[in-house]
Amino acid sequence: MASIKYNPNGQKGRITYNSDIVSGIVVLSLKETEGIELVPSKSKGIKLCFEKEGVFVDISVIAHYGYSVPELAYRIQQTIKQMVESMTKYKIAKVDVHVQGVVFPAAKAEPAAEHSEEHPTEEQDEKKNS
């Protein structure tokens with residue numbers, strides 16, 4: 001359980017966030033980032049560490065083919081920092097991004113219409129010869 005002292009109107013009190021809430025915000029920010037997928041695991045490839053300096057975030061993702069990995073990593077870092085700091089008032093100390101792999105697009109199958117034109121059936125041969 002993580003907690004933070006937040007005093008918007010000079011009132012005394014403490015706001016406490018469960019680490020699952022912060023993790024959920026991180027997942028949300030990753031889903032908004034185009035060109036990546038979450039690592040399919042129980043923890044979704046997310047590790048959080050709450051320290052005095054701020055929150056240390058360790059992320060593992062899979063990149064889509066055709067995207068620049070350095071640009072993806074930078075966007076992930078900026079999105080996580082902006083969303084977590086605006087929603088929870090925590091400070092993000094560091095975001096480490098680990099790209100675990102690349103997803104390549106599936107090979108496109110030839111459409112059946114093109115295939116039938118290249119190799120005519122017996123009926124089409126008979127019509128042409130008539």
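All values reported here derive from a predicted model rather than from experimental measurement. Because only heavy atoms are used, hydrogens play no part in the values below, and waters and symmetry mates are left out as well, while side chains stay in.
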Reported CD1-to-NZ distance for the pair Ile80 and Lys94, which is rounded to 0.5 angstrom: 14.0 Å
same_hphob_cluster(Phe56, Val26) at 4.5 Å side-chain heavy-atom cutoff: no
Donor-acceptor contact below 3.5 Å, side chain Glu85 vs main chain Ile92: yes
Any donor-acceptor N/O pair, Thr79 side chain to Arg75 backbone, under 3.5 Å: yes
Closest non-hydrogen atom pair, Leu38 against Ile62: O-CD1, 4.4 Å
Any side-chain heavy-atom pair of Ile59 and Val39 under 4.5 Å: no
Joint cluster assignment, Val55 & Leu28, ILVMFWY side-chain distance < 4.5 Å: yes
Ser29 and Val84, any side-chain heavy atoms less than 4.5 Å apart: no
ILVMFWY network linking Val61 to Val103, side-chain heavy atoms under 4.5 angstrom: no
Spatial distance of atom CE (Met87) from atom OH (Tyr17) [nearest 0.5 Å]: 11.0 Å
Glu34 atom CD, neighbour heavy-atom count above 12 within 6.0 Å: no
Over all atoms of both residues, closest heavy-atom pair of Val102 and His64: CG1-C, 4.2 Å
Approximate separation, where rounding is to 0.5 Å, of Ser19 OG and Ile46 CD1: 11.5 Å
Sidechain-backbone polar pair: Gln77 side chain, Val95 backbone, donor-acceptor under 3.5 Å: yes
Residue pair Ser41 / Gly45: nearest heavy atoms and the distance that separates them: OG-N, 3.4 Å
Ile21 CD1 to Leu48 CG distance, which is reported to the nearest 0.5 Å: 12.0 Å
Under 3.5 Å: donor-acceptor pair, side chain of Tyr67, backbone of Leu72: no
Between CD1 on residue Ile36 and OG on residue Ser60, distance to nearest 0.5 Å: 11.0 Å
